[in-house]
Amino acid sequence: MDHDTAIVAEHLHKRYRSTVAVDGVSLRVRAGEVVGVLGANGAGKTTTVELIAGLRRPDAGRVRVLGLDPRRDRAALRQVLGVQLQQATVHHALTVDELIGLFRSFYPNPRSAGELLDLVDLTAQRRTRFEKLSGGQQQRLSIALALAGRPRVVILDELTTGLDPHARRRMQSAIEQLEHETVLLVSHAMDEVERLCDRVVLLDAGRIVADDTPAGLVSTVGAADLEEAFVTITGTRPGELEETA
């Protein structure tokens, strides 16, 4: 694995009983690149990034993140990988300050608590228990926790789902401030992808059906915008279908 490559996934497969969630996905992400993973609900987006993060074991295939095996080198990977998932799994009785302090303690050179709070606009809620935060505030805190250790690679699953317009813009601005990190961004928000991503990987039924820049994808299919290109390629709109993967 060369120094210019941050993520390599080769021929990933994952099945849940009779459902094939990921079907031969191969993906390479360069260091410092922001790559959007798009697809209708059930396309396999979340399962794919969970396989890359080592949160699920593939039935077949190989993953390396900064040269590390997510399963075998789990402890080492935690020091360089930040992950924010749709459902936060933290101690609900702890305050925002306590959670940030806990996560900062895991790393040798973490971001300061003040920087993290400011990044996600939660300074006023620093003494509030997690269970008392709104859904959007919980989402923002989970992003701060993912960025606490200055990770070299960041996986963000539906970064701005459930956030109001102001909070969405604030989160997008926070990602734009990540100058050196490699980011894998799962999203169905086309404006977000066009604003933040260098490249788009489009999943349909567990397979990659397109891989290009946002502008290149639009141009290739002769679409007016990214959402129209999505519909043209997959036959569905972002967010359609019941989530199964």
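Cluster annotation: L203 is not connected to V20 through the hydrophobic network of ILVMFWY side chains, with a link wherever side-chain heavy atoms come within less than 4.5 Å.
For the pair E228 and A223, the tightest heavy-atom approach, listed with the atom from each and the gap, is OE2-CA, 3.4 Å.
Using modelled atom types, no side-chain atom of K132 and backbone atom of A93 make a donor-acceptor pair closer than 3.5 Å. The backbone N or O of Q139 sits less than 3.5 Å from a side-chain atom of S142, completing a donor-acceptor pair. Looking only at distances, no side-chain donor or acceptor of K14 sits under 3.5 Å from a matching main-chain atom of T48. Between the side chain of R62 and the main chain of H11, no donor-acceptor pair closer than 3.5 Å is present. Panel note: side chain D198, backbone V34; a donor-acceptor pair is recorded below 3.5 Å. A distance-only check finds no donor-acceptor pair linking the side chain of K45 to the backbone of V186 [under 3.5 Å]. Proximity of a side-chain donor or acceptor of R111 to a complementary backbone N or O of L147 within less than 3.5 Å is detected.
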Go through the steps to decide whether R30 and D4 satisfy the test salt bridge (charged side-chain N to carboxylate O under 4.0 Å, His left out), and finish with yes or no. CA-CA 6 Å; R30 297 189 306 273; D4 293 330; over 6 Å; no

Would you please test V120 and L141 for side chain to side chain contact (heavy atoms under 4.5 Å, CB included) and show each step? CA-CA 7 Å; V120 297; L141 177 58; 5.8 Å; no

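Here the CG atom belonging to L12 is positioned 10.0 Å from the CG atom belonging to D59, to the nearest 0.5 angstrom. Expressed to the nearest 0.5 Å, how far CZ of R140 lies from CG of L116 amounts to 13.5 Å.
Between the side chains of T160 and E192, at least one donor N or O lies within less than 3.5 Å of an accepting N or O. Of the N and O atoms on the side chains of D157 and T46, at least one donor lies less than 3.5 Å from an acceptor on the other residue.
Between R170 and D118, at least one side-chain nitrogen of the basic residue sits less than 4.0 Å from a carboxylate oxygen of the acidic one, meeting the salt-bridge criterion. The existence of a salt bridge linking R199 and D212 is excluded, since no basic side-chain nitrogen approaches an acidic carboxylate oxygen closer than 4.0 Å.
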